[in-house]
Structure formats: structure tokens, C-alpha cells
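The block underneath contains the structure these notes are about, expressed in C-alpha cells.
Throughout, numbering of the chain's residues begins at 1 and tracks the sequence.
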Amino acid sequence: MGSTATASKSTGQLADLWKLLYPRSITVIGASDNPVKLSGRPVDYLQRFGFTGRVIPINTARPQVQGLPAYRSLDEVPGTIDLAMIMLPAEQVPTAVRACGKNGISAAIVGASGFGESGKRGAQLQLELEAAIAETGVRVLGPNCLGMIGVRDRAVPTFTSALDETIELRDGPVAFVSQSGAFGSFVFTEALHAGIGISHYVNTGNEVDLSVADVLDALLDAGETRVLLAYLEGVSDGRRLLEVARRAHRLDKPILAVKVGRSEAGARAAQSHTASLAGEDAVFEGAAHQFGIVRVDGMNALLDAAQLFATGRRAHGRSLTTLSLSGGAGVLMADAASAHGVEITAWDQAWQDRMAAVLPPYGSPSNPIDLTAALLADPDLLRCALDVALAHPDSHLVAVLLGNADKHAEQLVDVIGCAHRSTDRPFVVVWTGGSGDAQRLLRAQGIPCYNDPGRAAAALGALVDYSLRPAVPDPHRPSGVDPTAARAVLDAVRTAGQTQLDEYASTRLIAAYGIPSAGSRRAATPEAAVSALDELGGPVTVKLLSHHVGHKSDIGGVLLDLVDADQVREAARTLLTRASTAELADAELLVQRMVDGDLEVIVGTKHDIGFGPVVVVGFGGVLVEVLADSAAAVAPVDLDTARRMLLSLRGSRLFGPVRGRPACDLDAIADVVVRVSWLATDLAEEVAELDVNPLLVDRSGQALAAVDCLARLTDVPTTP
């Protein structure tokens, strides 16, 4: 049935989930004799689809349910039961779970709604259900879920209407786990119609116990499952999902995910640039890139990618060879491929000559290869061209583009099938128009087939990115960090009854992690500011310093390019007057040495509700939210991940040589990102948000200095 579980999972936990995924006996608690009712459907489906195990209806009023012996309670059932499907009203579910635990049933599915999704009473019922789970140790799928479809054993403890239709369950290497029941059912049926074999479809519902990550983790140990699909509306335990993604990466079992629910940043976005840049969706996007999750946009893209990934083939490069009967189709494919990071490069002359030898005189041997409509009259032309294409060393990927041609479909499909079997390279067909018979014949042979070049290109791009994916990061703490010194700064702020650090304290905080800052001095009076100028040397900036003020420029709290004592004294008086007007009782001054830079970068952290501490990078300064050019990753990160984050920015070419000036030292900037990520990790319980903005970068090879910094602490509960 599957491989041995990893050491991180106990034998008991694996066995419980195995009884959910591969049950040999299923009881339906609250089963109806009416197969049309929701509570009657699971019994009907289990019989109709030929479940190979034992079906045990529980009904307090009937000795028989849909022709099967029924029992009034679990106490009366002889023998062992692997899985219970609880089809009772929400109020009765906690009691039913306790009955399962009493009778040795370790896995249950709860179909009822009316829990956490439905208001105050439902939330209370969900707490009662959680208590029952904690008492009994029963692993629960749901509540508010449609259940599961296990295709191999025809284990279908579900009431989804998807099985009301005439549908052929086709086993295969793809498993699908969805938080949404209805949408998940749509994807499941579309997958079957597309010829994709599905080993399991599991709906997790409210996830009071088992999450998408838990089910995916168990499915990784199913030997027949090679591709995992996921539909996510939210991620409550992102670190758990990333553990599973790390293991999937190691096993080369890709996770393809649709993640919906793009949210606005929280109420503190106006105070923290990082919170604005790293909303929930940006964090998931960054985490997916980090840990090798293939994120796709929507149902069609998910199924398109599933077709290709299910072949088990991997790409060894990005070069695509395209053969078509239409030059226009080849150009369209080239444009689409380029948009998805796939390259269609012209062949050198020697290989063009080899291809030209098998083409008609009016064909084009330069990739994309135009076979012309002559191949319809002579399918052998396609065979010869494919032989040359597959011999070409840089044909990392192959695509055949055809259209209509029903009259010649059988011969063309035979040629394509032979070529597909002769290679282990990723190989797709785009067949547009016609009756659809050709597409079905190709898919029956396990050949991915699409009706649009853009969809094929997107699937190929996803496969290439996955195939060439970097190793999952294994970060190590950099030298020169002092968490003890950082906590001393935070303790002083807490002692003062504050939760927001002023810039001086924020700078001391990042200095404990070896992050460079512009030299600065604190000053309470204009004369103290002048003394700071004497120590630092000019020119300087004078800033208003208050833990009440986040963005000083918004209130005119920054005065620049001050070179002598008179300018500094006047600036200090002006800022203290503005502070008095704004009723900032704690106001002081910060005198900071002016530094120049070619680029302004933001490096920040926030605490994400699903993934915990997160690090964010982007192009910064006062236009940071206007530019909105940023990348996020789950902290901590290693140097390679930090580099990739910087290079993923739309403006990343700015890090390279510009107008004869040398490139920036990307590693120096990446080192700051790494250090900020470790600060976020070590102080996750203390630091809610941190902005280093801007970090000034020049082209002399240095990440010069942080010239502004803002940190906000987590709220501390009041002790009663």
C-alpha cells in the first residue's frame, strides 16, 4: 500500500490516517434508508461503486438500511471498525465521537455543518468537538466536509453530488486534498473527464483536527501517489505545511496548489511598510517558492499541470522544441512559452539541415519547426521530424501542435504515441478543434494534451521550474549576532511601558544582529544636537525621536543636509516646536550622519498568522508602497534564498552594472536579509514588526547603512 513512514510520525498516527485513507470497514452513523437523503448517500455510494470492505449502517429505528443489516448503536456491532462517517446533526457529533473512541474507532469523518463557520452557538459546538477529540484521540476529518473518495478500494464515504452522475472512477497517481467541498468536487470530476487518474479526493472542511497538511503528509507515504494537488482558502499552520513540502521535495512528489483569498493588509499597515507589502497572499507566494510548492492560478491551470506532472517526467533544461502544422501556431506557442520561462531557441545550421532533409521544401526547419499541412496527407512526415527533434540534445521539452484533423487522428495519434514512448523527456500535444476524440486517445496513453498553446506553455513552465528547483533551504545562524543584547533593548522598552521603539532603540536592536547603521547620537536639546554634530562631523540629518511616531516625514520630523552648528541648532528648535504642537511629551532628537547611496532597499519582518516570522525585501524609501516591488519568505532564510528574493524583484536589474558603474554587492545586501530573518526568528515572541527602510546601497561593493528603522513589539497580556 505504501512505503514506511518517516521517523517523525508515530506508528499510531500513521495507522489512524491509513484507516481514513484505506479503510476495510466503514460505519455510517445516522445512516438513512433513503439513498437520496444526504445521510443515505454514503451507504448508497459504497454499495453502488463496489467498496471492497464491510459497510455498517447505524440507525436507531431500523434493523435494515438499504438492504444491509443495521445496528442501533456502535456497542452492538461485532468486530472491528476502521472508519466512522458521522451523519448526525451538529449537536450530536461530540457524543458520537466519544462513542467512536469507546469502541476503538480511531478515525472519523464529520459531515455536519453548524460549527465554527456558523456563529456563536456553532463556535461553542466546535469547542465541544475539540474536547471530545482530545479526550478520545480519534482523528477527525471535518466537520462541515463532504468526506473522502478512495478510488483504488472504492472507499467512498461521502455525500457529494458529484457521484450522482454517471462517472467512471479512474485510479491513478494523483491525489487531491481540498478545503472546499463543492469546489473540490468540481475539480475531482473535471480531472476524471480530462483522463487524470485520481487515487484520493479528500475534503478537510473546518479542519478542527486534520488539516490539508496532515492529509498530504499521509499521502506522501502512499506508493501509488506521485503528485499531490491542494486547494487552500487559508493556512492556519503554515510551518506544518512547509514540513510536508520539505518532505515532498525530498521524495520528488510535487505539491501543486491553488491558494485563494487575497487579503488586504491589517489595520497596522499604515504604521508598517512591511505589513503592507507582506499580506497573507505574498507570504504564501514566498513560502511556496522557498519550499518547492508549485502554485498555479485556478482549476484549469491545476489540472493542466497535473496532466504533465502525472507522467513522472522531469526537465533537464528550459529549451522547448515545437513542431506544428501551422507557422502561426508555432509563433503563438513561442510567445506563450517565453512568458512562462520556457525557451524556444533556433537550432544551429547542422541540425536545421538534418530537419530540412525530412521536411517539404516549403517547411521551416528552424525552431519552432513548421511541418506544414503536408503531414495530414503523410503522417510519416511527423514521425521522421519527431525522430530528429528527440535526437537534438537541447530538446529538453517537446510540443506537437495540431488542429482539427479528425480524419487523420488515428494515424497521427499512433505516431505521437510511439515517439512519446521512445523518450523520457516531457512531451505535450496541443490539439485544437475537432471532435475531441484525438485528445481522449492521447490522454488514454498518458500523453498530456491541451486545446490551447498558452495552457500547454503554462504547464511546461511549472514543470521546468519544479524540475530545476533549488534545494530546500537549511539556514544556519550567521556569526556576530547577540540575542542577549537585543533582548536587553527590548526589556528597556517594555520597562518604560512602550510597545513601539523609537529610531534610536530600533537601531540598537538591529546592531545586535550585525546590521550596519549610519552613525547617530541622541540629543534632548538644541545644544546637545550641536555637540552631536561635533562628534559625528557634517553633514547630518536631525530627526524627531518619539516612540509615538512611526513615519517621521509625515509630520515634517526630518531635516536634511545640515553642515554647521547654526543650522543644526535651528533645526533642533524647529523640530522640538513641532513636537510640542503635536503633544509628543517624550520627544527628543536624533542627529545622524548623512550617507549617500545609489539604491534604497527595504528589509523588514512581520509575524504572519499562518507562517510565523516572515522576512520581506523590496525597493524602499518613501515610495516603497507605491512601487510595491517586494518578495517575502518564511524566516529564517539562508544566503541563497536571500539572493533569490533580491533577484526576483521586478527592478532587480538595478543591482547590476548601470551606465558604466559597477554592480552592487548582492551578497552584502543578502547578508543583511539573512541577519534580519534571524532577528525575526530569535525574537518572534517579542518583535511583531520591523522595518529597515531605507537600507542605502552604493556601487562600491557595500550595503552601506540603515538610515531609518522602526520596530514594534508584540502586545503583552495584562497580568490580573
Side-chain angles (χ1 to χ4, degrees), residues 6-8 213 217 235 237-251 255 274 277-278 282-293 295 465-466 468-487 509-516 601-618 630-649 652 655 665-692 695 703 706 711:
T6 61
S8 65
D217 197 22
V235 180
D237 188 357
R239 296 281 169 157
R240 170 73 173 126
L241 179 62
L242 297 184
E243 288 175 10
V244 176
R246 182 184 290 274
R247 197 161 79 90
H249 191 285
R250 187 173 65 249
L251 294 172
I255 297 174
T274 300
L277 293 176
V283 173
F284 182 85
E285 181 78 10
H289 281 299
Q290 253 179 298
F291 286 83
I293 296 173
R295 188 181 187 186
D465 287 344
Y466 176 81
L468 304 180
R469 67 197 186 280
V472 172
D474 185 18
H476 298 283
R477 189 186 306 276
S479 61
V481 304
D482 189 352
T484 302
R487 287 193 174 91
L509 176 66
I510 65 173
Y513 275 76
I515 298 165
V601 175
I602 180 173
V603 184
T605 71
K606 63 167 275 186
H607 188 90
D608 181 77
I609 192 170
F611 290 94
V614 169
V615 63
V616 182
V617 298
S630 64
V634 175
V637 301
D638 62 353
L639 198 61
D640 284 342
T641 300
R643 285 192 204 97
R644 285 193 292 273
M645 292 173 71
L646 292 165
L647 292 173
S648 74
L649 300 176
S652 62
F655 294 125
D665 185 345
L666 199 68
D667 283 354
I669 308 170
D671 179 66
V672 173
V673 178
V674 170
R675 291 175 182 277
V676 170
S677 80
W678 277 99
L679 184 155
T681 302
D682 293 339
L683 307 176
E685 300 300 317
E686 291 283 334
V687 176
E689 295 169 357
L690 169 74
D691 281 351
V692 178
L695 177 75

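- The shortest side-chain heavy-atom distance between V283 and V235 does not fall under the 4.5 Å cut-off.
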_Pair L647, L666 - check side chain to side chain contact (heavy atoms under 4.5 Å, CB included), show working._
CA-CA 9 Å; L647 292 173; L666 199 68; 3.8 Å; yes

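- For A680, the side chain to side chain contact (heavy atoms under 4.5 Å, CB included) test picks out T605, P613, A635, with sequence neighbours left out.
- Summarising the geometry of A512 relative to A486, their closest heavy-atom pair is CB-N, 3.7 Å, with the distance given to 0.1 Å.
- A670 and L646 make their closest contact through N-CD1, 3.8 Å (heavy atoms, listed as atom of the first residue, atom of the second, distance).
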*Give the C-alpha distance, both sets of side-chain angles, the deciding distance and a yes or no for side chain to side chain contact (heavy atoms under 4.5 Å, CB included) between R239 and V634.*
CA-CA 9 Å; R239 296 281 169 157; V634 175; 3.1 Å; yes

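- Sequence neighbours left out, the pairs with a member in residues 631-649 that pass salt bridge (Lys or Arg N to Asp or Glu O under 4.0 Å) are D640-R643, R643-D667.
- If you take CG on D608 and CZ on F284, they are separated by 11.0 Å, rounding to the nearest 0.5 Å.
- Atoms CH2 and NE2, from W678 and H476 in turn, are 8.5 Å apart once rounded to the nearest 0.5 Å.
- Scanning all heavy atoms of the two residues, the minimum distance from V673 to V603 falls at CA-CG1, 4.1 Å.
- Inter-residue side-chain proximity for L242 and F611 is flagged as met; some heavy-atom pair is nearer than 4.5 Å.
- For H607, the side-chain hydrogen bond (donor to acceptor under 3.5 Å, both in side chains) test picks out no residue, with sequence neighbours left out.
- A donor-acceptor contact shorter than 3.5 Å links the side chain of R469 to the backbone of H249.
- Under a 3.5 Å cut-off, the side chain of T681 and the backbone N or O of S677 do form a donor-acceptor pair.
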*asked:* Walk me through whether L690 and I510 qualify under side chain to side chain contact (heavy atoms under 4.5 Å, CB included).
replied: CA-CA 9 Å; L690 169 74; I510 65 173; 4.2 Å; yes

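- Ionic pairing of R487 and E686 is not present here: no N-O contact between side-chain nitrogen and carboxylate oxygen is shorter than 4.0 angstrom.
- With hydrogens and angles ignored, the 3.5 Å screen pairs no side-chain donor or acceptor of R675 with any backbone N or O of P478.
- Note on R246 versus E243: no salt bridge recorded, every NZ/NE/NH1/NH2 to OD/OE distance being 4.0 Å or above.
- Across all non-hydrogen atoms, the minimal contact from I255 to A245 is CD1-CA, 4.0 Å.
- In this structure, the side chains of V601 and V672 stay at 4.5 Å or more apart for every pair of heavy atoms.
- Counted within 6.0 Å of CD1 on I609, heavy atoms from surrounding residues, nucleotides or ligands total 12 or fewer; the atom is thus considered open.
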*For L683 and L509, what are the C-alpha separation, side-chain angles and deciding distance, and is it a side chain to side chain contact (heavy atoms under 4.5 Å, CB included)?*
CA-CA 11 Å; L683 307 176; L509 176 66; 3.9 Å; yes

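- Considering all non-hydrogen atoms of both residues, A213 and V244 come closest at O-CG2, 3.4 Å.
- Scanning both residues, P636 and Q290, for their nearest heavy atoms gives O-NE2, 4.4 Å.
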